[in-house]
Structure formats: C-alpha cells, structure tokens
Amino acid sequence: AVPAKATITTYTDQTSFLNAISMASAIFTDNFVDLTPGQVTSITRTGNGLSVVYTAPTNDLYPAPGTMSSNNTNDNLIASLGPGIYAAGGNFYLSDINGAFQPFSGQITSAQASNGIDPISILSSVTNSTSTFFGWISTTPLVSVTSTSGGTSPNRWNTLDNFTVATAAVPGPLPMAGALSAFACSRRLDRKSTRLNSSHTVISYAVFCLKKK
C-alpha cells in the first residue's frame, strides 16, 4: 500500500485564513466568553456540528472568561479536533495566573498542528501578543492543535482565544454554471454550422457567442 499524501497550508494572518475557509460547509469560532475560572480535567466545546476537546497532558486546564489556558506552566495546551475538521486557527499567547495577557518580552510563541499523516506543522512568532494568529488548513482532516509556548517560568501559561475550526471547503455553483453555459453555446454553434456553408460565417458566430458571455 502507498502511504496517503496530504498537505498542510499554514497561515499567520487571520484575515487570509478566514477568507480561505469562507466556502466551508460548517465553521465554528469559540471565544470562550461563557467560561468560568476554575480547574478542570478537560472541556468539550461544540458548535455548528463541530467539536473540540481541550486537555493538558500532566495537569488540568484553568479556563477563564474569554480564554482557554493550562493549569501548569510546563503543560502544553492540546485541542483534539472532532471528525471532519480540515481547518483550525486561533490567537496563541502566554498569560499570567489569572489568564490575563502579559507581554513576556523575548518569549517565543509557538503552536503545532497534526493531521496524522504529514510531519507536524509548527508555527512560531518572536512576539507574544493577543493578536498573534496561527492557522492550518489540511487536505485531510486535522486531528490536533497544540500550544507549545510555555516554558519553565512559574508565571507563563499557554493560552488560546478565538479558536476557529471548519470543515473542508465546498465548490461554489459558478464553475458549473459557466461550464453549462459554455456547453449550451457550443451546441448552438454546432446547430448553426450545419446550416451555414461559409467558414467565415461560422467563425463570426463563434465570436458572437463568446461576446454574449
């Protein structure tokens, strides 16, 4: 058997990412505003038929209103994606013990995505900012996104906000409509050519047909 081939396209611009998934059949953006502070083992979030399960590998989560965060500075923050999710992206940064943003100058912010086929796709930024955006779109379903920014400092927690997931993009109706129109025009040209003997007249009608497009 030949291993499956896949491609993961990365994004660091949120607008470009959202434009790329605009034709998806289902999109879910979670801003976590309904969360309450507290230590929990895992959290499952759902919307528009899509689901994401958040965990941390050795300890618990510590969500706060508007953010999803780990409870231990040494823990990565893992988003395990439900079936049918081909795109994922959000704002990745480091926060303090209360889930509030801190600049932490000199800290590299990073996150990675996996579809289980390709090598893990890693994105990083030398700036820790609430506007730092990382996004991935895969040709096969993604299985996880992991925030890996946290270090050994007791004051830096991996934090995620505005996490967006989406299904595969669906083709729009315009290409098919254009193909059908071109086919109809060619059929008219065929019928016309059977009634006309002059090649000059046939060419003129073909130009006319194209101008009507």
Side-chain angles (χ1 to χ4, degrees), residues 1-35 40-57 61 63 65-70 76-93 109-125 129-149 158-180:
V2 178
K5 298 292 185 180
T7 302
I8 299 178
T9 303
T10 58
Y11 295 81
T12 55
D13 179 77
Q14 189 172 22
T15 300
S16 298
F17 173 80
L18 294 176
N19 287 339
I21 66 172
S22 61
M23 295 300 293
S25 57
I27 301 172
F28 169 46
T29 298
D30 197 348
N31 55 21
F32 309 115
V33 294
D34 59 326
L35 296 179
V40 295
T41 302
S42 67
I43 294 179
T44 300
R45 306 283 289 178
T46 59
N48 208 13
L50 306 176
S51 65
V52 182
V53 179
Y54 297 94
T55 57
L61 301 170
T67 62
M68 180 66 70
S69 184
S70 61
N76 293 332
L77 176 61
I78 302 172
S80 298
L81 308 181
I85 292 177
Y86 286 73
N91 298 120
F92 294 81
Y93 59 94
T109 305
S110 61
Q112 60 190 38
S114 172
N115 59 13
I117 299 174
D118 295 296
I120 292 173
S121 178
I122 302 173
L123 287 173
S124 62
S125 171
S129 169
T130 56
S131 62
T132 297
F133 179 85
F134 298 142
W136 301 264
I137 299 178
S138 177
T139 56
T140 60
L142 291 168
V143 296
S144 66
V145 171
T146 305
S147 178
T148 60
S149 303
N158 282 307
T159 306
L160 173 63
D161 195 9
N162 302 313
F163 194 59
T164 298
V165 294
T167 58
V170 295
L174 289 181
M176 180 59 71
L180 291 175

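Only a predicted model underlies this, so the values are computations on that prediction, with no experimental measurement involved.
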Working to the nearest 0.5 angstrom, can you tell me the gap between [X] [atom1] and [Y] [atom2]?
X: Asn158; Y: Leu61; atom1: CG; atom2: CG; answer: 11.0 Å
X: Ser51; Y: Ile85; atom1: OG; atom2: CD1; answer: 6.0 Å
X: Asp161; Y: Thr67; atom1: CG; atom2: OG1; answer: 7.0 Å
X: Thr130; Y: Phe92; atom1: OG1; atom2: CZ; answer: 13.5 Å
X: Phe134; Y: Gln112; atom1: CZ; atom2: CD; answer: 11.5 Å
X: Tyr93; Y: Thr109; atom1: OH; atom2: OG1; answer: 11.0 Å

Sequence neighbours excluded, the answer for side chain to side chain donor-acceptor pair (under 3.5 Å) partners of Asp13 is Ser16
Where is the tightest heavy-atom contact between [X] and [Y], given as atom of each residue plus distance?
X: Ile120; Y: Ser114; result: CG1-CB, 4.3 Å
X: Ala88; Y: Leu142; result: N-CD1, 3.9 Å
X: Leu160; Y: Phe32; result: O-CE1, 3.5 Å
X: Phe163; Y: Leu81; result: CE2-CD2, 4.0 Å
X: Pro57; Y: Ile78; result: CD-CD1, 4.2 Å
X: Asn115; Y: Pro141; result: CB-O, 3.4 Å

Quick one about Ser131 and Ser129 (side-chain donor to acceptor, distance below 3.5 Å, no hydrogens or angles considered), yes or no? yes
Is any side-chain heavy atom of Pro63 less than 4.5 Å from a side-chain heavy atom of Ile43? yes
Is any side-chain heavy atom of Thr148 closer than 4.5 Å to one of Ile122? no
Whether the side chain of [X] engages the backbone of [Y] through a donor-acceptor N/O pair (distance < 3.5 Å, no angle test) should be reported.
X: Ser147; Y: Leu77; answer: no
X: Ser149; Y: Ser110; answer: yes
X: Asn48; Y: Ile27; answer: yes

Candidates Ile8, Ile117, Thr7 - the one meeting side-chain contact (heavy atoms from CB on, under 4.5 Å) with Thr140: Ile117
Applying side-chain contact (heavy atoms from CB on, under 4.5 Å) to Thr164 and Ile21, what does each step give before you reach the verdict? CA-CA 10 Å; Thr164 298; Ile21 66 172; 3.9 Å; yes
Do the ring planes of Phe17 and Phe133 sit parallel (below 30°), tilted (30 to 60°) or perpendicular (above 60°)? tilted
